[in-house]
Amino acid sequence: QVQLVESGGGLVQAGGSLRLSCAASGRAASIYTMAWFRQAPGKEREFVGAISRSGGSTLSADSVKGRFTISRDNAKNTMYLQMNSLKPEDTAVYYCAADGRDRLRARTTAYNYWGQGTQVTVSS
């Protein structure tokens with residue numbers, strides 16, 4: 001089993017940048033496919049991006065392509081989400097997730113482990 005803790009959220013102006021981190025503990029992060037999701041008030045949780053165990057493959061939502069970059073450092077058991085050109089519509093609680101199967105998926109049901117989330121607020 002793995003425990004996930006997100007950090008790096010905060011308040012930023014539109015056009016700004018933030019980098020989120022997701023630290024894994026309990027088991028080596030390298031055995032898990034990992035992903036970022038987000039949930040805005042009153043909306044369903046939505047997929048942001050996923051990264052394979054090795055970090056060699058990624059999958060991103062169309063809404064963040066070209067602005068967000070997902071990466072991981074298995075030596076540090078940490079996944080990252082670099083967010084650039086932020087927009088007010090990016091405001092949400094961002095969650096990291098992990099799954100032991102070696103495949104990239106965009107559905108929340110594909111992931112067994114979740115962090116508590118970190119708030120990102122983008123002001124206009």
Side-chain angles (χ1 to χ4, degrees):
Q1 191 163 347
V2 65
Q3 291 78 45
L4 306 172
V5 178
E6 304 93 337
S7 63
L11 174 64
V12 63
Q13 289 188 331
S17 299
L18 280 176
R19 189 176 81 155
L20 305 184
S21 298
C22 173
S25 63
R27 297 191 71 180
S30 60
I31 69 174
Y32 296 95
T33 296
M34 299 183 75
W36 289 99
F37 287 79
R38 66 186 182 185
Q39 188 167 18
K43 295 187 177 181
E44 294 187 351
R45 193 168 298 189
E46 67 171 357
F47 175 75
V48 175
I51 188 165
S52 63
R53 293 172 175 177
S54 67
S57 298
T58 60
L59 177 68
S60 295
D62 288 344
S63 59
V64 305
K65 281 181 180 177
R67 300 189 299 123
F68 292 9
T69 302
I70 188 170
S71 63
R72 67 190 296 165
D73 184 342
N74 285 339
K76 296 182 178 180
N77 281 340
T78 302
M79 175 180 63
Y80 304 98
L81 183 66
Q82 178 65 45
M83 304 186 294
N84 298 328
S85 302
L86 283 160
K87 305 175 181 179
E89 52 263 44
D90 294 318
T91 294
V93 176
Y94 283 70
Y95 297 90
C96 69
D99 183 72
R101 291 163 291 187
D102 190 17
R103 53 188 181 183
L104 302 178
R105 290 292 186 267
R107 294 176 291 110
T108 57
T109 53
Y111 296 88
N112 292 320
Y113 305 103
W114 292 85
Q116 294 300 305
T118 185
Q119 176 71 47
V120 172
T121 303
V122 184
S123 62
S124 57

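Predicted model only: the values in this text are computed from it and were never measured.
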What class does the angle between the rings of F68 and Y94 fall in, given that below 30° is parallel, 30 to 60° is tilted and above 60° is perpendicular? tilted
Do [X] and [Y] land in one hydrophobic cluster if side-chain heavy atoms of ILVMFWY residues count as linked below 4.5 Å?
| X | Y | result |
| --- | --- | --- |
| Y113 | V5 | no |
| V122 | V64 | yes |
| F47 | Y32 | no |
| M83 | M79 | yes |
| V12 | L81 | yes |

Pairwise distance [atom1]([X]) to [atom2]([Y]) - rounded to 0.5 angstrom:
| X | Y | atom1 | atom2 | result |
| --- | --- | --- | --- | --- |
| E6 | C96 | CD | SG | 4.0 Å |
| M34 | T78 | CE | OG1 | 8.0 Å |
| L104 | S52 | CG | OG | 6.0 Å |
| R72 | T33 | CZ | OG1 | 7.0 Å |

For residues 38-48, pull every pair meeting salt bridge (charged side-chain N to carboxylate O under 4.0 Å, His left out), keeping only residues two or more places apart or in separate chains. R38-E46, R38-D90
Any side-chain to backbone donor/acceptor pair from N74 onto S54? Under 3.5 Å, distance only. no
When you measure from the side chain of R105 to the backbone N and O of A35, does any donor-acceptor pair fall under 3.5 Å? no
Identify the heavy atoms of [X] and [Y] that sit nearest to each other, and give their distance.
| X | Y | result |
| --- | --- | --- |
| V2 | A24 | CG2-CB, 3.8 Å |
| G115 | Y95 | O-CD2, 3.6 Å |
| S17 | Q82 | CB-NE2, 4.0 Å |
| A14 | S124 | CB-CA, 4.4 Å |

Is it the case that atom CD in Q116 sees more than 12 heavy atoms from other parts of the structure closer than 6.0 Å? no
Given D73, T69, I51, the one that forms side chain to side chain contact (heavy atoms under 4.5 Å, CB included) with Y80: D73
Does any non-hydrogen side-chain atom of T108 lie less than 4.5 Å from one of W114? yes
